[in-house]
2 protein chains.
Amino acid sequence: MAQRNLLQFIILGLLHQTPLTGYELTKAFDSDIGEFWSAQHSQIYPQLQKLETAGSLTHTEEVTGEKLARKRYAITDTGLDTLNNWLAAPTPASTNGKDEFALKLYFIPDANDARLRPMLEAQQVEHTAKRTHLEHQLATKFPDGAPTVGLGHYLILQHAVSREHEYCDWLATALTHCR
Amino acid sequence: MAQRNLLQFIILGLLHQTPLTGYELTKAFDSDIGEFWSAQHSQIYPQLQKLETAGSLTHTEEVTGEKLARKRYAITDTGLDTLNNWLAAPTPASTNGKDEFALKLYFIPDANDARLRPMLEAQQVEHTAKRTHLEHQLATKFPDGAPTVGLGHYLILQHAVSREHEYCDWLATALTHCR
DNA sequence: CTCTTCATGTAATGCGTTACATGATTTA
DNA sequence: TAAATCATGTAACGCATTACATGAAGAG
């Protein structure tokens, strides 16, 4: 299978909600969807140009103050087709799940190795912090539980929470196996 | 932070257990650690050469039959140092967690969208199958529960199982929110 | 007036996948 | 004798990160 270039679909998906500038798109990867994808501006700006060349986007110039111009991109009908085709296509099982810490554990074969416990405890601190942070986000963004519009946002956050929950539980189990 | 090249450490870790050929290393990524990392032979063979040039590995030639020669690689003291330094270093929080399906859900904002249910059900089939497969692996490879030697192998499998468990639960929750 | 944020690009480099390429050995 | 597996490499290409580069606008 060829490389997928999923970034283009994410950009189209975000622009389908509302037109955005490259700068705003970049920020989007630091908030909501940052839990399940990341991208830098150096990747986003060229991709925007490619999508516009392909006819999936158009942009309008906005001037702030005296000189500063920014480009606000909007999705076209062609772009919407591309987006919908991706959404309708079967999702291949992710080949990913790369986890550096899990690997490290694998390479310390002896349960009595003195390095194990401090490693696990350090991870526990990090993942517990991340988990509480995500739980707080979920509670403040969705105080009334699952919404009808914006369900995906809710589900993605809930998924992130329970992913961290699982990781913490796993670390706790692992700790019971080493001295 | 520079690129990490984790593959080198995985190779060193595997060779620390026992000397292996490039072919055998490649297969290792399809079994145990395949749950948390993947690599093709086109990446492994060059990396073996680099590691040998760096003095982390040595190889001996073995001849099978008449002509077929294979290279069996073993870790050196230098290589062992590299491995231990990696194991001792703090593990940076994974920036990953790329999940195409979670993204798709995010981009279907309406909980009543007719596409939601079949998408979720398709994923449920896949992840349930994967989960039962992993549970079976865990049960057959470790019928007596957690071992003292080879704990990492046990933990990595258990982690994979509970990861799939979480994913299935999440999908089930998501299904309760759409008609 | 300085620092932070807004705003947009390009260049260099590395990681990872797919495809290309070859040949030996074993098994059915 | 044909197919599957063993066995080792290189080449092309795309994705992603880091660094380089520039400048305007707002806040303190």
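Below, read A as the first sequence line, B as the second, and so on, with proteins coming before strands; counting in each chain starts at 1. Remember, predicted model here, so these are calculated numbers, not experimental data.
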For DNA chain C, the residues among residues 7-31 of chain B that have a non-hydrogen atom under 4.0 Å from it: none

Hey, can you pull the residues of residues 41-51 of chain B with a non-hydrogen atom under 4.0 angstrom from DNA chain C? B:S42, B:Q43

Pairs meeting criterion salt bridge (Lys or Arg N to Asp or Glu O under 4.0 Å) with involvement of residues 142-153 of chain B, two or more places apart: none

Please list all pairs meeting ring pair (Phe, Tyr, Trp, His ring centres under 6.0 Å) that have one or both residues in residues 54-76 of chain A, counting only residues at least two apart or in different chains. A:H59-A:Y73

For B:D77, does the CG atom have more than 12 heavy-atom neighbours from other residues, nucleotides or ligands under 6.0 Å away? no

Not counting sequence neighbours, which residues clear side-chain hydrogen bond (donor to acceptor under 3.5 Å, both in side chains) with A:Q158? List them please. A:Y154

Within-4.5 Å side-chain heavy-atom neighbours: A:D32 and A:I156: no

From CD of A:Q40 across to P of C:dG9 the rounded distance in Å is 17 Å

In whole Å, I'd like the distance from the CD atom of B:E62 to the C1' atom of C:dT25. 15 Å

If you count every heavy atom of other residues, nucleotides or ligands that lies below 6.0 Å from B:H177 atom NE2, does the total exceed 12? yes

Heavy-atom check, side chain of A:E24 versus side chain of A:R72, under 4.5 Å: yes

Between A:T91 and B:E100: side-chain donor-acceptor atoms closer than 3.5 Å: no

If you restrict it to nitrogen or oxygen atoms, what contacts under 3.5 Å exist between nucleotides 25-28 of chain D and the protein, and what is each distance?
from, atom 1, to, atom 2, distance (Å)
D:dA25, OP1, A:T64, O, 3.2
D:dA25, OP1, A:E66, N, 2.6
D:dA25, OP1, A:K67, N, 2.6
D:dA25, OP1, A:L68, N, 3.2

Sub-4.5 Å side-chain heavy-atom contact between B:S38 and A:K98: yes

Any donor-acceptor pair under 3.5 Å linking the side chain of A:S56 with the backbone of A:E52? no

Looking only at the side chain of A:K98 (C-beta and beyond, no hydrogens), which of the listed nucleotides C:dG9, D:dC15, C:dG16 gets closest? C:dG16

B:L6 CG - C:dC15 P separation (whole Å): 9 Å

Can you check the A:R4 CZ to D:dA16 P distance for me, whole Å? 11 Å

Aromatic plane relationship, A:H159 with A:F36 - under 30° parallel, 30 to 60° tilted, over 60° perpendicular: parallel

